> 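I'd like to ask some things about the structure below.
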Protein chains: 2
Amino acid sequence: MRNQKIGFNYPPTKVGCPVETTLDVIGGKWKGIILYHLIDGKKRFNEFRKLYPAITQRMLTLQLRELEKDGIVHREIYKEIPPKVEYSLTEFGRSLEPIILLMKEWGETHKNRIISARTVEKEEI
Amino acid sequence: MRNQKIGFNYPPTKVGCPVETTLDVIGGKWKGIILYHLIDGKKRFNEFRKLYPAITQRMLTLQLRELEKDGIVHREIYKEIPPKVEYSLTEFGRSLEPIILLMKEWGETHKNRIISARTVEKEEI
DNA sequence: AAACATAGTATAAAACTGTATACTACAGGG
DNA sequence: CCCTGTAGTATACAGTTTTATACTATGTTT
């Protein structure tokens with residue numbers, strides 16, 4: 001283990017780079033999708049499932065709960081049967097809007113480039 | 001498995017939400033940190049390790065290679081002994097600057113709020 | 001001759017994430 | 001009385017990521 005020593009002690013935790021803080025909040029597997037759709041207004045649980053059927057119920061629940069815990073998303077429960085729950089952005093969540101919109105634009109503009117950069121598996125044999 | 005059927009067929013792959021495309025590029029565990037520091041100019045391999053000693057060599061290599069494959073980062077090898085390799089943003093990588101800077105601002109502004117939102121383990125018994 | 005520096009690679013294990021499947025509650029409709 | 005719909009929860013397993021540790025190359029310095 002010669003190489004690992006680098007002349008100073010490791011900090012106990014990752015001292016936050018601010019960019020990492022933001023990515024921690026919005027970087028979950030389905031959070032981009034969730035936030036992107038919440039910008040247009042509130043959504044019900046199964047609306048998300050219809051928009052992205054590949055999300056399992058468990059993952060959707062987990063991601064929404066994390067966003068809720070971070071104060072980004074508000075969860076409104078209607079005491080009805082069958083159940084009705086609406087998700088929406090909080091005021092705080094709205095502060096992410098410019099970032100989400102920039103990411104949306106960037107993704108739209110460069111999506112094809114990224115896809116082709118990643119599908120070059122073998123150029124030559 | 002009553003609940004999983006939802007009245008339409010699952011698509012074969014996740015049809016890209018543009019926000020997800022962007023998060024796929026910048027959302028890796030250490031990519032925020034890497035990109036944030038590359039905005040100031042080129043960096044050598046061990047400079048990153050000194051900035052964030054918790055990154056292992058392997059992770060740093062993997063993250064840099066992914067950014068390189070996506071065309072975000074340029075890797076310049078100097079044929080010297082001991083080795084010297086410099087990493088920098090490509091022209092394409094520069095197009096991420098506005099997003100990185102917004103994320104940096106958001107993180108700086110709301111870091112404490114996020115930390116405390118996440119450390120409320122039990123309010124009452 | 002041994003040690004140092006840089007930029008990695010190799011391998012295995014541990015930790016975390018995500019999936020699959022089954023299950024719950026309750027009111028209304030047939 | 002059984003089925004439907006909504007919004008979940010529970011459990012176990014599979015898959016992916018991340019970590020830990022050791023190792024490589026090679027020219028220069030001690």
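Keep in mind that what you see is a predicted model, and the values were worked out from it rather than measured. All values below come from the heavy atoms of this structure, side chains included, with hydrogens, waters and symmetry mates left out. Every chain is numbered from 1 and lettered A, B, ... according to where its sequence line falls, protein lines coming before strand lines.
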> Below 3.5 Å is the cut-off: list the nitrogen or oxygen pairs between protein and nucleotides 14-16 of chain D, distance only.
none

> Could I get a table of every N or O pair under 3.5 Å where one atom is in the protein and the other is in nucleotides 9-12 of chain C?
residue	atom	partner	partner atom	Å
C:dT9	OP1	B:R65	NH2	3.4

> Which residues satisfy the side chain to side chain contact (heavy atoms under 4.5 Å, CB included) test with A:E91, sequence neighbours excluded?
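If we apply the side chain to side chain contact (heavy atoms under 4.5 Å, CB included) test to A:E91, skipping adjacent residues, there are no hits.
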> Just wondering, do A:I114 and A:R118 contact through their side chains at under 4.5 Å, heavy atoms?
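Yes; the side chains approach each other to less than 4.5 Å.
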> Here's a test for you: under side-chain contact (heavy atoms from CB on, under 4.5 Å), which of B:E47, B:E86, B:H74 qualifies with B:K42?
B:E86
> Could you work out which one of C:dG8, D:dT6, C:dA5 sits closest to the side chain of B:V85?
C:dG8
> Which nucleotide sits closest to the side chain of A:K50: C:dA7, C:dC26, D:dT6?
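The closest nucleotide is D:dT6.
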> Out of D:dT19, C:dA20, D:dT6, which nucleotide sits closest to the side chain of A:T56?
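Within the option list, the nearest is C:dA20.
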> Would you find more than 12 non-hydrogen atoms of other residues, nucleotides or ligands less than 6.0 Å from A:K84 atom NZ?
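Yes, because the 6.0 Å sphere around NZ of A:K84 holds more than 12 heavy atoms from other groups.
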> For A:L51, what residues pass the side chain to side chain contact (heavy atoms under 4.5 Å, CB included) criterion, not counting sequence neighbours?
A:H37, A:K43
> Considering only side-chain heavy atoms of A:Q63, which listed nucleotide, D:dT6, D:dT26, C:dG18, is closest?
C:dG18
> Return a table of donor-acceptor pairs under 3.5 angstrom between the side chains of residues 59-66 of chain B and protein atoms on other chains or two or more places apart.
residue	atom	partner	partner atom	Å
B:T61	OG1	B:Q57	O	2.8
B:Q63	OE1	B:K29	N	3.3
B:Q63	OE1	B:W30	N	3.1
B:E66	OE1	B:K31	NZ	2.7

> Base, sugar-phosphate, or nothing: which does A:Y87 touch, judged by heavy atoms less than 4.0 Å apart?
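The residue A:Y87 makes sugar-phosphate contact but no base contact.
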> The criterion is side chain to side chain contact (heavy atoms under 4.5 Å, CB included); which residues satisfy it with B:T109, sequence neighbours excluded?
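Side chain to side chain contact (heavy atoms under 4.5 Å, CB included) list for B:T109, sorted by chain: empty.
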